[in-house]
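Each remark here refers to the structure printed beneath this line.
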Amino acid sequence: MSAMVTQGLVLRETATKESDKILTLLTPDLGKVSVIARGARQKRCKYAASAQPLVYSEWTLYQRGDWHYAREGSPLELFSGLQKNLEAFYLGFCFAELTEAVALEDVPCQDILRHLLNGLYALSALQKPPELVRPAFILRLLCLAGYEPLAEACAYCGSPEPEEPMLDVVQGVLRCRRCGSGESGYSRPLCPASLKALRHIVYGDVKRIYSFQLTPEPLRRLTDAVETLLTVQLERSFSTLEAYKNLQK
């Protein structure tokens, strides 16, 4: 059984047997992979610190049959700043669940992993406002997963600055309120400021996607449009996102 060395972030843990865990790791080369971490629930386990959710580590794995097993783990980033902000903590778990939903097994996902690490870093180290990071992370994740909305101009009249802009979350296109109103009844209203932010997230430099500011109303519109797009395109809801919203309430 030859060993392989990779880096991975724990998206989810599941207790099994008396002291083991099944970890869902996101790695750049193996994609999403399930790993059996024997004894990881015991304090004396040599890689117990790595086998925690939202911890990024270097892993030594080996494969037996269809399963991967952990041999060694050394933490690279703990994102300890998440522990200091309850909203950021909840949102970090939300990001992990969303990422797990779009990442594929046995498919390299360097860009998705980098995006997740950057999002957690923005919350943990940079202490960016969670309510701003939230729609930016979700929208960029959708783009990386193949659900990028077409937001350069109205899909019907071609105007680069749509009148009363709307995001059609079914077709994934931008439109004026009057244009294409009969095509889809499921569109979310934007405004010039929220549209500008949406374009910044979709088309801007990946290193600067959290470098924008919005007043409360444009931010509310952006968040509503992005999360509706998420739910419609992936055809499911997310328990961690609902938990985060309940925390805000």
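Note that the structure is predicted; figures quoted are calculated from it, not measured. The figures that follow rest on heavy atoms only: side chains count, while hydrogens, waters and symmetry mates do not.
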Can Val55 and Leu9 be said to form a side-chain contact (heavy atoms from CB on, under 4.5 Å), step by step?
-> CA-CA 6 Å; Val55 173; Leu9 184 134; over 6 Å; no

Do [Y] and [X] meet the salt-bridge criterion of a basic N to acidic O distance under 4.0 Å?
X      : Y      : answer
Arg199 : Glu161 : yes
Glu13  : Lys21  : yes
Glu18  : Arg41  : no
Arg177 : Glu163 : no
Asp111 : Arg114 : yes
Glu97  : Arg236 : yes
Glu242 : Lys245 : yes

Please tell me whether [X] and [Y] are part of a single hydrophobic cluster in this structure, the criterion being side-chain heavy atoms less than 4.5 Å apart.
X      : Y      : answer
Ile22  : Val35  : no
Leu113 : Val133 : yes
Val10  : Val5   : no
Ile138 : Val232 : yes
Met4   : Tyr47  : yes

Can you name the nearest heavy-atom pair linking [X] to [Y], along with the distance?
X      : Y      : value
Val169 : Ala225 : CG1-O, 3.9 Å
Trp67  : Tyr69  : CB-CE1, 3.7 Å
Tyr203 : Ala151 : OH-N, 3.0 Å
Ala40  : Cys45  : CA-SG, 3.8 Å
Leu214 : Ala193 : CD2-O, 3.6 Å
Gly92  : Leu54  : O-CD2, 3.6 Å

Nearest 0.5 Å, please: how far is [atom2] in [Y] from [atom1] in [X]?
X      : Y      : atom1 : atom2 : value
Cys179 : Asp168 : SG    : CG    : 12.0 Å
Leu241 : Tyr90  : CG    : OH    : 13.5 Å
Leu25  : Leu30  : CG    : CG    : 9.0 Å
Leu78  : Leu120 : CG    : CG    : 12.0 Å
Ser124 : Leu91  : OG    : CG    : 12.5 Å
Leu142 : Glu227 : CG    : CD    : 10.5 Å

Under the side-chain contact (heavy atoms from CB on, under 4.5 Å) criterion, do Ser57 and Ser74 qualify, and how do the steps go?
-> CA-CA 5 Å; Ser57 304; Ser74 177; 5.8 Å; no

State, yes or no, whether a side-chain contact exists between [X] and [Y] at a heavy-atom distance under 4.5 Å.
X      : Y      : answer
Tyr147 : Leu229 : no
Cys109 : Lys32  : no
Trp59  : Glu72  : no
Pro149 : Val202 : yes
Pro130 : Leu123 : yes
Pro135 : Leu219 : yes
Glu87  : Tyr244 : yes
Arg221 : Arg188 : no

Identify, with sequence neighbours excluded, every residue that meets side-chain hydrogen bond (donor to acceptor under 3.5 Å, both in side chains) alongside Thr60.
-> none

Look at atom CD of Gln110 and say whether more than 12 heavy atoms of other residues, nucleotides or ligands are closer to it than 6.0 Å.
->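 Atom CD in Gln110 is not crowded, with 12 or fewer foreign heavy atoms closer than 6.0 Å.
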
Would you find more than 12 non-hydrogen atoms of other residues, nucleotides or ligands less than 6.0 Å from Gln248 atom CD?
-> yes

Name all pairs fulfilling the ring pair (Phe, Tyr, Trp, His ring centres under 6.0 Å) condition that reach into residues 102-121, sequence neighbours left out, sorted by first residue then second.
-> His115-Phe137

Residues forming a ring-ring contact (aromatic ring centres under 6.0 Å, His included) with His200, sequence neighbours excluded | Phe212

For Arg134 and Thr223, does a side-chain donor sit closer than 3.5 Å to a side-chain acceptor?
-> no

